[in-house]
Student: 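Just passing along the structure, written as structure tokens.
Letters A, B, ... are given to chains in the order of the sequence lines, protein chains preceding strands, and every chain is numbered from 1. Reckoned from all heavy atoms, side chains included, excluding hydrogens, waters and symmetry mates.
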There are 2 protein chains.
Amino acid sequence: MTAKPKGARNKRSQGTDVSPASEKGPNSEPPLSLERIVTTAVELLDAHGVDGLKMRQLADRLGSGAMSLYWHVDNKEQVFDLALDSVLKYCGPPQSVQSQDWRGDVIHMLEDWRASMLRHPWSASLLPRRALGPNILGRLELLSKTLSRAGVTDADLNVAIWSLWNYVIGATITRASFDLSDDDRAAAQQRLTGLSEQYPTIERSRLLMDNDWDGAFRKGLDFLLDGLAPKQ
Amino acid sequence: MTAKPKGARNKRSQGTDVSPASEKGPNSEPPLSLERIVTTAVELLDAHGVDGLKMRQLADRLGSGAMSLYWHVDNKEQVFDLALDSVLKYCGPPQSVQSQDWRGDVIHMLEDWRASMLRHPWSASLLPRRALGPNILGRLELLSKTLSRAGVTDADLNVAIWSLWNYVIGATITRASFDLSDDDRAAAQQRLTGLSEQYPTIERSRLLMDNDWDGAFRKGLDFLLDGLAPKQ
DNA sequence: ACCTGAACACCGTTCAAGT
DNA sequence: ACCTGAACACCGTTCAAGT
């Protein structure tokens, strides 16, 4: 329960000639900071997935002793929270000054959200289980404001937001986990072919292969928006 | 790589007077079987969540030595696969003989699917990450067949199925994880209230509380079906 | 204020062995 | 064919201590 540093603070010049970033020099590392911990955690998560993030390995990669992390961070859960939200920052649509195209703005934000999560395939499945960080709250606030301005009533607002949330989360988790396991997917389709008399329809359409995920995502999103918001 | 039993086989009479089912009698347990393992695994998952299932505890609860499980099962992953699919069985709509109401049939199956997963809150988040078992494949086959009969062309079929899948998965995972942590949710809304100048819109609509999840689910589903399938 | 190594509790799984 | 205990490798975290 002792006080701990919260925000990121000191930016230091990077001019000194250290070994290339991919090297694990056992010395001459900059001191630990929340910033460095989160950056490195994201790298490890990208490389090894949710189950592949180990506190010891993370400390090792940062060039510090195994237990030094625990001064900056309460526990592993918090590392997940920070890494997750760090990946969800949104900078807004291209030219944003009170755009008239609310639908375009919504689609831009949601497609960017999905793309950010697909760049870090561990993130989507983590998001529903963790506390909502500032970046994801910022996205929800922006979404609310845009839909509200587009004419969605307060009574319908929460339904609209959660429908879109559900759709984006489901689509991204599914897409990411199918991406993770190409072999598994092929094996599954293979196994399915062996049982083609039990599952003739999905076997015929090759449901588990050859899908236009991006197109399908956009199409379903259009249908939802058609229903959720009044046509202008 | 030695041969192992696959299907469930011997049904044995249960007439002998043993201790009541909730007792952990150290002896007089029936022998291990895939069936018993899966049933007990589901119980433990319901009680303690995904992270709360331990192989030792599972064996203990079954009244057998810690390592006996590994004769019936390859590893913990397989326990997850079996428990997951066991929870997804579908018995079909009420009176099913070639129903004319394809839309009602689809909605019935999807709402039943969602309800089954909500009864076992660990299941939804597991489903996208694991291999597809026979029960979930059966649901997808039925969905394909119904939509196909309703006039969805082969070219549009996969898009339709995945859109619905994404929506159901996203909605259920989100709902289940919010259910799991009532306190956390209240705390989150509380924290949000403290930052109301940063997130005024979602604060005002109390996005994180008081939601009609069932109604929202049904509404979004209707919108999707409107878009995906031709009006009759 | 910041970092560290030793140690603890826990957990999945291998293995050689029992019946 | 089916079950078992001992043992291994691994991992998050506590603690008492260093600078």
Side-chain angles (χ1 to χ4, degrees), chain A residues 1-10 12 24-38 40-41 44-45 47-83 126 129-130, chain B residues 1-10 12 24-38 40-41 44-45 47-83 126 129-130:
Chain A
M1 285 300 175
T2 56
K4 298 204 178 174
K6 257 315 173 67
R9 283 162 304 172
N10 53 352
R12 52 186 56 246
K24 289 193 203 173
N27 45 11
S28 81
E29 296 274 356
L32 280 182
S33 69
L34 259 193
E35 238 179 311
R36 288 190 68 225
I37 292 176
V38 173
T40 309
L44 286 178
L45 284 165
H48 305 121
V50 202
D51 294 334
L53 179 65
K54 315 292 164 74
M55 292 300 269
R56 288 172 214 256
Q57 189 195 5
L58 176 55
D60 208 58
R61 180 106 162 213
L62 286 161
S64 63
M67 296 301 98
S68 310
L69 296 175
Y70 286 91
W71 198 89
H72 300 266
V73 147
D74 282 341
N75 47 38
K76 193 179 177 179
E77 306 263 282
Q78 203 191 336
V79 177
F80 280 131
D81 285 340
L82 295 171
L126 220 47
R129 295 188 279 166
R130 311 293 328 156
Chain B
M1 284 300 176
T2 53
K4 299 204 176 170
K6 260 314 173 72
R9 281 163 304 173
N10 51 352
R12 51 187 58 241
K24 288 194 202 176
N27 45 11
S28 82
E29 295 275 359
L32 280 181
S33 68
L34 259 193
E35 239 178 311
R36 288 189 66 227
I37 292 175
V38 172
T40 309
L44 286 179
L45 284 165
H48 304 121
V50 201
D51 295 334
L53 178 66
K54 314 291 163 78
M55 293 299 271
R56 288 172 215 256
Q57 188 193 7
L58 177 55
D60 209 56
R61 179 105 161 216
L62 286 161
S64 63
M67 296 300 98
S68 311
L69 295 175
Y70 286 90
W71 198 89
H72 300 266
V73 146
D74 283 340
N75 46 39
K76 195 180 177 179
E77 306 263 281
Q78 202 190 337
V79 176
F80 279 131
D81 285 340
L82 295 170
L126 220 48
R129 294 189 280 166
R130 313 290 331 154

Student: When you measure from the side-chain N and O atoms of B/H72 to the phosphate of D/dA1, is any distance below 4.0 Å, counting only OP1 and OP2?
Tutor: no

Student: How long is the line joining CG of A/N75 and P of D/dT13, in whole Å?
Tutor: 5 Å

Student: Quick one: does any side-chain atom of B/N75 pair with a main-chain N or O of B/Q78 as donor and acceptor, under 3.5 Å?
Tutor: yes

Student: Rounded to the nearest Å, what distance is computed from the CG atom of residue A/D51 to the C1' atom of nucleotide D/dG12?
Tutor: 14 Å

Student: Determine which nucleotide pairs with D/dA1, using a 3.5 Å limit on both distances of a Watson-Crick or G-U wobble pair.
Tutor: C/dT19

Student: Which part of the nucleic acid does B/M67 contact within heavy-atom distance under 4.0 Å: base, sugar-phosphate only, or nothing?
Tutor: base

Student: Is there side-chain contact between A/R130 and A/E77, with heavy atoms separated by less than 4.5 Å?
Tutor: yes

Student: Do A/M55 and A/M67 touch side chain to side chain, with heavy atoms closer than 4.5 Å?
Tutor: no

Student: Of the nucleotides D/dG12, C/dC2, C/dT13, which one has an atom closest to the side chain of A/W71?
Tutor: C/dC2

Student: Is there a side-chain contact between B/L53 and B/H48 in this structure, where contact means two heavy atoms from C-beta onward sitting under 4.5 Å apart?
Tutor: no

Student: With a 3.5 angstrom cut-off on both distances, give the Watson-Crick or G-U wobble partner of C/dA7, or none if there isn't one.
Tutor: D/dT13

Student: Among the nucleotides D/dC3, C/dC2, D/dA7, which one has an atom lying closest to any side-chain atom of B/R56?
Tutor: D/dA7

Student: What's the CG-P distance between B/L58 and C/dG12, to the nearest Å?
Tutor: 10 Å

Student: Between B/Q57 (CD) and C/dA9 (C1'), how many Å, whole number?
Tutor: 16 Å

Student: Does any non-hydrogen side-chain atom of A/L62 lie less than 4.5 Å from one of A/L69?
Tutor: yes

Student: Whole angstroms only, please: what is the CG-C1' distance between A/L62 and C/dC2?
Tutor: 15 Å

Student: In whole Å, I'd like the distance from the CG atom of B/L69 to the P atom of D/dC2.
Tutor: 14 Å

Student: I need the NZ-P distance between A/K54 and D/dT13, as an integer number of Å.
Tutor: 13 Å

Student: Quick one: label B/L53 by what it contacts on the DNA or RNA (base, sugar-phosphate, nothing), any heavy atom closer than 4.0 Å.
Tutor: sugar-phosphate

Student: Please determine whether a side-chain nitrogen or oxygen atom of B/S64 lies at a distance below 4.0 Å from atom OP1 or OP2 of D/dC3.
Tutor: no

Student: Atom OH of B/Y70 to atom P of C/dC11: distance rounded to whole Å?
Tutor: 12 Å

